[in-house]
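Labels below follow one simple rule: chain letters A, B, ... track the order of the sequence lines, proteins then strands, and each chain is numbered from 1.
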Amino acid sequence: MPELPEVEAVRRALQPVMERARFERVLVRRPDLRVRLPRKFAARLEGQTVQTLGRRGKYLLAELSSGDVLVMHLGMSGSFRVEIDAKGTTPERFDDERSPGAAHDHVVFRMSAGATITFNDPRRFGSIALVSRKDVQCHRTLGALGPEPLGPEFDAAVLARACRGKKTSLKAALSDQRVLAGLGNIYVCEALHRARLSPRRRAGSIATSTGAPRAPAYRLVTAIKKVMNDAIRRATAPQENRPDGRDAADLPNRFCVYDRDGRRCLTARCTGTIRRIVQAGRSTFFCPLCQR
DNA sequence: CCGCGGGCCTGAGAGC
DNA sequence: TGCTCTCAGGCCCGCG
């Protein structure tokens, strides 16, 4: 369930093997990802050099020498595997497109720096696409993304303005990538818990009628930044060389509310019990006692 | 126009 | 043990 922190960890793992490297060979084993890869995908990518590997929300963006951008999304189950090849050896799977390879290895990038990067995604909710740089701004979803939660431009005033007049729940608003880029089900629950705000609360209630922030907006922004920073630290903790989108280190008690239904609330001095409810078809975990 | 629900897809885990 | 069922959720789309 890669959300912003996990995607950022993937970016940092891929950066050293992708930046300034050229796509020597690209193999599409299965083009039918969430968005089907066009036939010419590999040909269009081969020979191009990665200038920078960036991130926007949950998207990875490789800026290419040609002016194209390779846009990658991990969906629910996507991950990248990096193999540093011994000099001169080419992995078996490049010999034949139909060679077995590992299950769910859909796209393989052979980089000039000697690394082989494999996109693996069992559920194929992920996507990879080539977009011309000038089209990124007007891209359906990419162009409509809200602010980066850790960017300096994201503050209570910005969040309040985005939530002003919204009748939806705070949970739904924070999950909306147009309001804020990068939070998913887990970190929305965590941030709301930290800010002691009910996920059922009307999103518009954190702003005045003119869109100015009320007190909860300040708490929420502080909580979001703290939750994101802590999660990035956790996801990038040196421990394993695993540049994938899965949760790093499945330590217990990683979350304060997520998946803690029926257990005690961890807020200081709170005696509540975490509850699970369903909002818009998704699980929400919260403490009915301290989250108002 | 906005919000909700269904669909996509597969693996994990529960239950019989 | 092995089958079947449900659930997980990022994102898109259609409907009301």
Side-chain angles (χ1 to χ4, degrees), chain A residues 1-11 29-37 55-61 71-81 101-107 119-129 131 136 138-146 148-149 161-192 199-205 207 211 228 231 235 244-247 250 252 254-255 257-262 274-286:
Chain A
M1 51 201 102
E3 302 182 24
L4 187 153
E6 293 77 26
V7 177
E8 177 59 22
V10 172
R11 190 192 69 78
R29 306 178 61 87
R30 243 201 116 144
D32 54 333
L33 305 180
R34 189 169 57 75
V35 181
R36 191 182 176 87
L37 287 168
R55 180 192 55 73
R56 186 75 175 85
K58 300 173 195 170
Y59 291 87
L60 286 168
L61 306 173
V71 181
M72 298 168 278
H73 195 286
L74 299 172
M76 265 300 298
S77 58
S79 65
F80 285 99
R81 192 172 71 245
H104 310 303
D105 281 354
H106 305 314
V107 181
F119 178 67
N120 181 285
D121 185 6
R123 294 170 71 175
R124 284 184 283 126
F125 278 20
S127 64
I128 298 182
V131 179
V136 170
C138 53
H139 188 273
R140 276 185 64 90
T141 46
L142 224 41
L145 285 179
E148 282 292 315
R161 222 175 300 131
C163 290
R164 170 191 179 186
K166 272 198 182 294
K167 295 198 172 71
T168 2
S169 63
L170 268 182
K171 168 77 188 299
L174 296 185
S175 306
D176 187 340
Q177 303 299 297
R178 294 167 300 184
V179 170
L180 187 62
L183 273 68
N185 205 42
I186 294 173
Y187 294 117
V188 167
C189 291
E190 294 296 310
L192 285 169
R200 295 193 274 212
R201 186 180 168 131
R202 215 171 60 86
S205 71
M228 288 292 102
D244 61 29
R246 304 204 183 100
D247 308 308
D250 286 305
R254 188 174 22 152
F255 305 125
V257 278
Y258 185 78
D259 209 20
R260 294 196 66 246
D261 188 21
I274 305 304
R275 275 228 298 145
R276 185 185 89 96
I277 59 172
V278 174
Q279 290 180 291
R282 300 284 178 252
S283 286
T284 300
F285 299 89
F286 77 115

Verify the contact: side-chain N or O of [X] to OP1 or OP2 of [N], cut-off strictly under 4.0 Å; return yes or no.
{"X": "S283(A)", "N": "dA8(C)", "result": "yes"}
{"X": "R276(A)", "N": "dA8(C)", "result": "yes"}
{"X": "H73(A)", "N": "dC11(C)", "result": "yes"}
{"X": "T141(A)", "N": "dC12(C)", "result": "yes"}
{"X": "H104(A)", "N": "dC9(B)", "result": "no"}

Legend entry - 5' priority, DNA chain B, between S169(A) and R282(A) [closest heavy atom]: S169(A)
Inset, instruction - Taking atom CZ of R36(A) as the centre, report whether more than 12 heavy atoms of other residues, nucleotides or ligands fall under 6.0 Å from it. - result: yes
Return the value, rounded to whole Å, for the distance between atom [atom1] of [X] and atom [atom2] of [N].
{"X": "K167(A)", "N": "dG3(B)", "atom1": "NZ", "atom2": "C1'", "value": "11 Å"}
{"X": "R178(A)", "N": "dG10(C)", "atom1": "CZ", "atom2": "C1'", "value": "14 Å"}
{"X": "I277(A)", "N": "dA8(C)", "atom1": "CD1", "atom2": "P", "value": "13 Å"}
{"X": "D121(A)", "N": "dC11(C)", "atom1": "CG", "atom2": "C1'", "value": "13 Å"}
{"X": "D32(A)", "N": "dC8(B)", "atom1": "CG", "atom2": "C1'", "value": "12 Å"}
{"X": "L183(A)", "N": "dG9(C)", "atom1": "CG", "atom2": "P", "value": "14 Å"}
{"X": "D259(A)", "N": "dA14(B)", "atom1": "CG", "atom2": "P", "value": "12 Å"}
{"X": "K171(A)", "N": "dG9(C)", "atom1": "NZ", "atom2": "P", "value": "8 Å"}

Of the candidate nucleotides [options], which contains the atom at the shortest distance from the side chain of [X]?
{"X": "N185(A)", "options": "dG11(B), dG9(C), dC12(C)", "result": "dG9(C)"}
{"X": "Y258(A)", "options": "dC11(C), dG9(C), dT10(B)", "result": "dG9(C)"}
{"X": "T168(A)", "options": "dC11(C), dC4(B), dG9(C)", "result": "dC4(B)"}

Legend entry - Residue among D121(A), N120(A), V107(A), L60(A) satisfying side chain to side chain contact (heavy atoms under 4.5 Å, CB included) with F80(A): L60(A)
So, for [X] and [Y], which heavy atoms are closest and what is the spacing to 0.1 Å?
{"X": "L4(A)", "Y": "K58(A)", "value": "N-CG, 4.1 Å"}
{"X": "R260(A)", "Y": "F285(A)", "value": "N-CD2, 4.0 Å"}
{"X": "P149(A)", "Y": "M228(A)", "value": "CB-CG, 4.2 Å"}

Legend entry - dC8(B) base stacked by F125(A) (centroids within less than 5.5 Å, tilt under 30°): yes
Inset, instruction - Report which part of the nucleic acid R36(A) touches: base, sugar-phosphate, or nothing (heavy-atom distance under 4.0 Å, all strands). - result: nothing
Inset, instruction - Check if the side chain of R123(A) and the base of dA8(C) share a donor-acceptor pair of N or O atoms closer than 3.5 Å. - result: yes
